[in-house]
Novice: 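Sharing a structure with you now.
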Amino acid sequence: MIQIILIAILSLLAQLVLPWWSLAVVAFLVCLWRSPSAGQAFFAGFYGVALIWLAYAVMLHVRTDGIFTGRMGELLFKTSSPILPGLVTAIVGGLVGGLAGLSGYFVRQAAQNQIMTRS
């Protein structure tokens, strides 16, 4: 739970001043530092980023009175439902964060194995 909150807050702050892909760097570093297992690393990265991107999609929907999300749904999915663009946004962002977190965990495991084989 701490990892999810940490990834969500740090990726939100990073995306205010850095490009969108900075969330992957944040998820990578947090999971490199704190993940106890591969599954927890993936899901912490996934939920941390998906939560932020879903909140941002909802904020855009509310700010534009649903016009933007309705038009994006019509353009991409041939439906005026605002739910589908928000859901796809959260899933894509979550996959980026989850795979970055998983990569961070695997890098830590590889580094630990290198240290053990040299000893």
Novice: Spell out, yes or no, whether Leu84 and Phe68 are grouped together once hydrophobic residues are joined by side-chain heavy atoms under 4.5 Å, including indirect joins.
Specialist: yes
Novice: Kindly compute the distance separating OG (Ser37) from CZ (Phe43), expressed to the nearest 0.5 Å.
Specialist: 10.0 Å
Novice: Output all residues satisfying side-chain contact (heavy atoms from CB on, under 4.5 Å) with Leu95, sequence neighbours left out; order by chain, then residue number.
Specialist: Phe42, Phe46, Ile91
Novice: Can you hop from Met59 to Met72 via hydrophobic side chains spaced under 4.5 Å?
Specialist: yes
Novice: Count the heavy atoms belonging to other residues, nucleotides or ligands that lie under 6.0 Å from CD1 of Ile83, then report whether that count exceeds 12.
Specialist: no
Novice: Other than Ile67, what residues sit in its cluster of Ile, Leu, Val, Met, Phe, Trp and Tyr side chains whose heavy atoms are under 4.5 Å apart, directly or through others?
Specialist: none
Novice: Name all residues meeting the side-chain contact (heavy atoms from CB on, under 4.5 Å) criterion together with Ala38; count only those two or more places apart in sequence or in a different chain, and write none if there are none.
Specialist: Leu102, Tyr105, Phe106
Novice: Do Leu60 and Ile52 share a hydrophobic cluster (ILVMFWY, side-chain heavy atoms under 4.5 Å, transitive)?
Specialist: no
Novice: Would you mind listing the cluster partners of Val58? Hydrophobic ones only (ILVMFWY), side-chain contacts under 4.5 Å, chaining allowed.
Specialist: Val62
Novice: Under the side-chain hydrogen bond (donor to acceptor under 3.5 Å, both in side chains) rule, what pairs show up with a residue in residues 59-71, not counting sequence neighbours?
Specialist: His61-Thr69
Novice: I need the minimum non-hydrogen distance between Ala90 and Ala50, along with the two atoms involved.
Specialist: O-CB, 3.4 Å
Novice: Are Val92 and Phe77 grouped together when hydrophobic residues (ILVMFWY) are joined by side-chain heavy atoms under 4.5 angstrom apart?
Specialist: yes
Novice: Check this for me: Leu75, atom CG, are more than 12 non-hydrogen atoms of other residues, nucleotides or ligands nearer than 6.0 Å?
Specialist: yes
Novice: Could you list the donor-acceptor pairs under 3.5 angstrom formed between side-chain atoms of residues 3-29 and any protein atom two or more places apart in sequence or on another chain?
Specialist:
from, atom 1, to, atom 2, distance (Å)
Gln3, NE2, Arg34, O, 3.1
Gln3, NE2, Ser35, OG, 2.9
Ser11, OG, Ile7, O, 2.8
Ser11, OG, Ala8, O, 3.2
Gln15, OE1, Trp53, NE1, 3.2
Gln15, NE2, Ser11, O, 3.4
Ser22, OG, Pro19, O, 2.8

Novice: Taking atom CE of Met1 as the centre, report whether more than 12 heavy atoms of other residues, nucleotides or ligands fall under 6.0 Å from it.
Specialist: no
Novice: Name all pairs fulfilling the side-chain hydrogen bond (donor to acceptor under 3.5 Å, both in side chains) condition that reach into residues 73-85, sequence neighbours left out, sorted by first residue then second.
Specialist: none
